[in-house]
Peer 1: 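Please read through the structure below; I'll follow up with questions.
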Amino acid sequence: PLLLLIIMAWSVHLFSASSSKLVCHMTNWAQYRPGSAAFTPENIDPFLCTHVIYALATINDFNQVVTVEWNDQQMYSSLNSLKNINPALKTLLSVGGSVKGISPFIAMVAKPESRAAFIKSAISFLRNHNFDGLNLAWEYPGHNGSPTQDRERFTLLVSELSQAFIDEATEIKKAQLLLSANVAPLPSTVDKAYEVNKITAHLDFLNVLTYDFHGSWEPVTGHNSPLYRSAVDTVSQMQYNINSSISHWLSLGAAADKLLLGFPTFGRTFELSGSANGLGALANGPAAAGPYTRTEGLWAFYEICDFTNSATVSWINEQAVPYATYGKAWVGFDDQRSFSSKVQWMTANNLGGAHVWTLDMDDFRGSFCSDEAYPLINHLRMSMGFAPKPTTTPRPTTTKDPIAEFCYGRPDGLYENPADKTSYFQCYRGNTYLHHCQPGLIYWDSCKCCDWPAKASPIK
Ligand SMILES: *[C@@H]1O[C@H](CO)[C@@H](O)[C@H](O)[C@H]1NC(C)=O
């Protein structure tokens, strides 16, 4: 039994690589966008992010985790099958949203027995669908109809959840479920929503939603996700930036390595109402909705790519982010350069990594921006210093390479390497990836995993 435990402990660590996290959100409503903007888990590059968060599931009147879309279960399965291609990938289910404008967390956290029912339901739901963890998407405790005591109730929820995850992992001898939360960026909101020093220890990571700082609800143009304050900020807006937001979290005692900086793959738009078209120019609501996202006030990066073909793009020096304007339309967005500045800031402050909202708003097919697929997130990954993704052996032009051809015509999945037991092939969309087991281990097709050579049968 001791040996078994050692093997299991090692297996858990087999594929863990960089300590830094690159957590990417996807949304189950992006499937309804027209044409080449329609997004499902099949569009995810399994090697792009360290974690994928599936948004969104909700909580019903009986405090149970439940699906939202008709095909969620099918998409869960499609998302979680990416782990057969990249076994290091972790997936989390995000629970939250609102029901008739009210967060379903409010009723659930109010009573110990409702929290217990939710926690029990969450564990079985996550295990049944093969997720690795839970992400809490409550915007925010103590806000939008949530009473002030929800600040303390949120602490109870995360501490009870994390204890239940520890107990469950011990009982079933599996890797512990991960627990994360989407949390507020504005210092004034943070103060009312969280007991920061009490919640962070129970969470594996916190996604600070460092975007939506400015938008078409304001009377003048402002940037969605600026790194620093600007000279045109009013007194009340001086903290509407990444530097102020994360500094506040750190000053309240949040462990830097638990905080993930939010990277938006979208911009926020305005319709100009005067002749000025810079930062702080008069505006009157949002620009026309994008043809694919069809949401007023917001454009996906791939829609912005189209726009910048004709628009004038400017760089806001003091905020280290770009905006673009054409006619009456104005958009503050992020590009490769602003992502690089933010990564520098993130690294200098020793944060735990990045989270991206969302996979489906980057140019995920590479069909809009005359660049590779996922131009923003690939750039982010590279700026963060991740090792290059596994690549195919280049296709030979004259002589045939038997390894490169291994996966031609084979279904996606893992395969034995007949020439070498300590390595194995992974086929993904016809491409061949050669992986090596940890020293001492060999590949077993029976479990599609690396394990000790001496064992008689795979561990179930
Ligand atoms: C960033 O935030 C820190 C802490 O609040 C502050 O001292 C510093 O001046 C800010 N930097 C800029 C460029 O605004």
Side-chain angles (χ1 to χ4, degrees), residues 20-21 139-140 142-143 151 181-201 203 205-215 218-264 267-268 270 278-281 313-324 330-357 376 379-380 383-385:
S20 183
K21 293 184 177 70
E139 296 174 20
Y140 301 102
H143 292 75
R151 183 171 182 258
N182 292 352
V183 295
L186 295 185
S188 55
T189 312
V190 172
D191 292 346
K192 286 187 216 141
Y194 314 109
E195 299 180 283
V196 170
N197 57 344
K198 292 190 186 167
I199 60 170
T200 48
L203 294 163
F205 54 92
L206 292 83
N207 305 310
V208 189
L209 308 185
T210 46
Y211 34 76
D212 303 335
F213 283 115
H214 295 280
E218 294 172 321
V220 297
T221 58
H223 198 279
N224 179 43
S225 180
L227 188 45
Y228 302 106
R229 52 171 290 201
S230 106
V232 307
D233 283 341
T234 62
V235 173
S236 63
Q237 293 171 331
M238 282 183 188
Q239 300 196 305
Y240 290 15
N241 60 76
I242 289 171
N243 183 56
S244 299
S245 164
I246 303 289
S247 298
H248 189 68
W249 274 97
L250 294 171
S251 75
L252 296 172
D257 64 359
K258 293 278 180 86
L259 298 181
L260 304 189
L261 184 59
F263 286 74
R268 288 212 162 266
F270 294 83
L279 190 67
V313 181
S314 308
W315 181 256
I316 311 169
N317 250 324
E318 55 182 355
Q319 303 196 292
V321 281
Y323 70 88
W330 195 99
V331 63
F333 65 105
D334 275 87
D335 60 5
Q336 280 91 342
R337 183 177 170 196
S338 67
F339 269 25
S340 291
S341 308
K342 291 176 181 182
V343 168
Q344 268 182 21
W345 192 95
M346 179 179 103
T347 311
N349 287 276
N350 302 310
L351 300 193
H355 76 98
V356 179
W357 185 270
L376 279 185
H379 180 83
L380 175 59
S383 312
M384 288 173 71

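In this chain, numbering begins with 1 at the start of the sequence shown. Whatever order the structure lists them in is the order used to number ligands and atoms, beginning at 1.
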Peer 1: Is the shortest side-chain heavy-atom distance between Ser338 and Leu227 below 4.5 Å?
Peer 2: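 No. Closest side-chain heavy atoms not under 4.5 Å.
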Peer 1: Is Leu260 close to Leu351 at the side-chain level, that is, under 4.5 Å between some pair of heavy atoms?
Peer 2: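 No, too far: nothing below the 4.5 Å cut-off.
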Peer 1: Anything under 30° is parallel, anything over 60° is perpendicular, the rest tilted; go ahead and classify Phe270 against Trp330.
Peer 2: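 Answer is perpendicular, since the angle exceeds 60°.
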Peer 1: Can you give me every donor-acceptor pair (side chain of residues 248-259, partner residue at least two apart or in another chain, under 3.5 Å) with its distance?
Peer 2:
unit_1 : atom_1 : unit_2 : atom_2 : d
His248 : NE2    : Asp191 : OD1    : 2.7
Trp249 : NE1    : Ala184 : O      : 3.0
Ser251 : OG     : His248 : O      : 2.8
Lys258 : NZ     : Thr200 : O      : 3.0
Lys258 : NZ     : Leu203 : O      : 3.0

Peer 1: What pairs with Val232 under side chain to side chain contact (heavy atoms under 4.5 Å, CB included), at least two apart in sequence or on another chain?
Peer 2: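 Side chain to side chain contact (heavy atoms under 4.5 Å, CB included) list for Val232, sorted by chain: Ser230, Leu279.
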Peer 1: Going by side chain to side chain contact (heavy atoms under 4.5 Å, CB included), name the residues that satisfy it together with Arg151, two or more places apart in sequence or in a different chain.
Peer 2: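 With sequence neighbours excluded, Arg151 shows a side chain to side chain contact (heavy atoms under 4.5 Å, CB included) to Glu195, given in chain and number order.
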Peer 1: Please list, by chain and number, the protein residues whose heavy atoms come under 4.0 Å of ligand 1.
Peer 2: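 Residues Tyr228, Asn243, Ser247 each place a heavy atom under 4.0 Å from ligand 1, listed by chain and number.
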